[in-house]
Enquirer: 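Have a look at this one.
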Amino acid sequence: MTVDSEAALEFPEPEAVGARRRRRRSLMALAAAFLGLLAVVATIYFSPLLPLRTIEVHGNELLTDQQADELLADLYGQPIAQVGSGAVHERLRGENVVAEVSSRIELPETLHVEVVEHPPVAEVHRDGDVLLYSDHGEVIRTFAGAEQLEAEDYATPEISSEAALEDEAVFGTIVSVLGELPPDARSQLDSATADSIDSVQLQLADGRTVVWGSDDRGEEKAVVLQAILGSPEEAFQGADIIDISTPSTPVTR
């Protein structure tokens, strides 16, 4: 009897062998997908076809749009994926007004920059200009000539005493004191003066004088002043002088 070779029995493939083959195919497909993804990422990262064309700066007030654009101008045309926060920070960190900066890209061509500024706490009028200072004693914006009117939008107390302007330590003490105040309390001030680091006085817009003293216990004094400014008590409202140099026992006269 002869056996028809075409009719020979085909033994089923062992399950373990089939599982290995399927696993191999899955790994090959995954590898191919990964290589494809790498190719896409590399294309985006290095491709001159995706240059940075638009920079949008947010959160800036004292740092003008023109200043920001000039500082970031050399980033235009670079492959957008290569423009990181480090590059942005490097270009903006030299500006005293900039406290923090972050960025994100939006494909295909836009860079979004978020700026956090140091708030102005004092102003000095000099040679027809208005200089705004941070609580670090640094100039964060100069309003020159006709721009002076714009400085009024920030309602910062003026430092005008000769001692403060001529003595770096006295000036630093005043801006440190002003930096301790909440913005709403600071906005009620007209000016700040001192003849020494221990004799800071704040002039309220309504004419009252606050004797602050040194910058010691500044946080306590700020809390006390905030409470006094919001108090309806006649002892505070009708006083010409409010002495909080010892914050636990404020004195009026």
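These numbers were taken from a predicted model, which means no experiment stands behind them.
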Enquirer: How close do Phe143 and Glu150 get, heavy atom to heavy atom, and via which atoms?
Expert: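 The answer is CE2-CB, 3.6 Å.
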Enquirer: Walk me through it: do Leu63 and Ile140 pass the test side chain to side chain contact (heavy atoms under 4.5 Å, CB included)?
Expert: CA-CA 8 Å; Leu63 179 70; Ile140 55 177; over 6 Å; no
Enquirer: Do any side-chain atoms of residues 164-187 form donor-acceptor pairs under 3.5 angstrom with protein atoms, and if so which ones, sequence neighbours left out?
Expert:
residue: Asp167; atom: OD1; partner: Ala169; partner atom: N; Å: 2.9
residue: Asp167; atom: OD1; partner: Val170; partner atom: N; Å: 3.2
residue: Thr173; atom: OG1; partner: Ala169; partner atom: O; Å: 2.9
residue: Asp184; atom: OD1; partner: Gln226; partner atom: NE2; Å: 3.3
residue: Asp184; atom: OD2; partner: Gln226; partner atom: NE2; Å: 2.9
residue: Arg186; atom: NH1; partner: Leu178; partner atom: O; Å: 2.9
residue: Arg186; atom: NH1; partner: Leu181; partner atom: O; Å: 2.9
residue: Ser187; atom: OG; partner: Asp184; partner atom: O; Å: 2.7

Enquirer: Output the rest of the hydrophobic cluster of Val223: all Ile, Leu, Val, Met, Phe, Trp and Tyr residues reachable through side-chain heavy-atom contacts under 4.5 Å, sorted by chain and number.
Expert: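 Its cluster partners, ordered by chain and number, are none at all.
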Enquirer: Is there a side chain to side chain contact (heavy atoms under 4.5 Å, CB included) between Asp190 and Glu158 once you walk through the steps?
Expert: CA-CA 6 Å; Asp190 179 67; Glu158 180 184 356; over 6 Å; no
Enquirer: If every non-hydrogen atom of Arg91 is compared with every non-hydrogen atom of Ala87, which pair is closest and at what distance?
Expert: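 What the structure gives for the nearest pair is NH1-O, 2.8 Å.
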Enquirer: Is there a side-chain hydrogen bond (donor to acceptor under 3.5 Å, both in side chains) between Thr193 and Gln201? Walk through the geometry before answering.
Expert: CA-CA 5 Å; Thr193 63; Gln201 293 190 9; 4.9 Å; no
Enquirer: Please list every donor-acceptor pair under 3.5 Å in which a side-chain atom of residues 235-251 meets a protein atom from a residue at least two apart or in another chain.
Expert:
residue: Gln237; atom: NE2; partner: Ser231; partner atom: O; Å: 2.6
residue: Asp243; atom: OD1; partner: Ser245; partner atom: N; Å: 2.9
residue: Asp243; atom: OD1; partner: Ser245; partner atom: OG; Å: 2.6

Enquirer: Tell me if the CD atom of Glu61 is crowded by more than 12 foreign heavy atoms within 6.0 Å.
Expert: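 No - once you tally the heavy atoms of other residues, nucleotides and ligands closer than 6.0 Å, there are 12 at most.
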Enquirer: Quick one about Ser85 and Ser102 (side-chain donor to acceptor, distance below 3.5 Å, no hydrogens or angles considered), yes or no?
Expert: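 No.
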Enquirer: Quick one: closest heavy-atom pair of Arg93 and Glu90, and the distance?
Expert: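 Nearest heavy atoms, Arg93 then Glu90: CG-O, 3.6 Å.
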Enquirer: Does Glu100 have more than 12 heavy atoms from other residues, nucleotides or ligands lying within 6.0 Å of its CD?
Expert: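 Result for CD/Glu100: open.
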Enquirer: Atom CD in Glu56, atom CG in Asp65: separation rounded to 0.5 Å?
Expert: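 Answer for the CD-CG pair, Glu56 versus Asp65, is 10.5 Å.
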Enquirer: Would you say Lys221's side chain and Asp215's backbone share a donor-acceptor pair under 3.5 angstrom?
Expert: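 No.
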Enquirer: Please find the pair of heavy atoms, one from Pro120 and one from Thr156, that lie closest to each other, and give the distance.
Expert: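 Minimum heavy-atom separation between Pro120 and Thr156: O-CG2, 3.5 Å.
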Enquirer: Check for me, please, whether Leu204 and Val224 land in the same ILVMFWY cluster - side-chain distances under 4.5 Å, paths through other members count.
Expert: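 Linked, Leu204 and Val224 end up in one cluster.
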Enquirer: Looking only at heavy atoms, what is the nearest atom pair of Gly218 and Trp212, with distance?
Expert: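 Looking at all heavy atoms of both residues, the shortest contact is O-CZ2, 3.7 Å.
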Enquirer: Could you tell me whether the side chain of Tyr76 reaches within less than 4.5 Å of the side chain of Thr54, counting heavy atoms only?
Expert: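 Side-chain contact under 4.5 Å: no.
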Enquirer: Could you state the interatomic distance from CD1 (Ile159) to OG (Ser191), rounded to the nearest 0.5 Å?
Expert: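 So the gap between those two atoms works out to 9.5 Å.
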Enquirer: Same cluster or not: Val98 versus Leu72, using hydrophobic residues (I, L, V, M, F, W, Y) connected whenever any side-chain heavy atoms lie under 4.5 Å apart?
Expert: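 Same hydrophobic cluster.
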Enquirer: Is there a side-chain contact between Leu189 and Val210, using heavy atoms and a 4.5 Å cut-off?
Expert: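 Contact flag for Leu189/Val210 side chains = no.
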Enquirer: Can you list the residues that meet the salt bridge (Lys or Arg N to Asp or Glu O under 4.0 Å) rule with Asp206, with sequence neighbours excluded?
Expert: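 If we apply the salt bridge (Lys or Arg N to Asp or Glu O under 4.0 Å) test to Asp206, skipping adjacent residues, the hits are Arg208.
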Enquirer: Kindly give the heavy-atom pair with the smallest separation between Glu117 and Asn60, and that separation in Å.
Expert: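 Taking every non-hydrogen atom into account, OE2-CA, 3.4 Å.
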Enquirer: Indicate if Val211 and Leu225 have the same hydrophobic cluster label, given that clusters are the connected sets of ILVMFWY residues with side-chain heavy-atom separations under 4.5 angstrom.
Expert: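 Hydrophobic grouping puts Val211 apart from Leu225.
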Enquirer: Give a yes or no on whether the backbone of Thr64 and the side-chain of Gln67 come within a donor-acceptor separation of less than 3.5 Å.
Expert: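 A pair under 3.5 Å: yes.
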Enquirer: Using atom types as modelled, flag every donor-acceptor pair under 3.5 Å from a side chain in residues 124-139 to any protein atom, sequence neighbours excluded.
Expert:
residue: His125; atom: NE2; partner: Glu123; partner atom: OE2; Å: 2.7
residue: Asp129; atom: OD1; partner: Gly145; partner atom: N; Å: 3.4
residue: Ser134; atom: OG; partner: His136; partner atom: N; Å: 3.1

Enquirer: Could you pull out every donor-acceptor pair under 3.5 Å between side chains of residues 105-115 and any protein atom, sequence neighbours left out?
Expert:
residue: Glu106; atom: OE1; partner: His112; partner atom: NE2; Å: 2.6
residue: His112; atom: ND1; partner: His58; partner atom: NE2; Å: 3.2

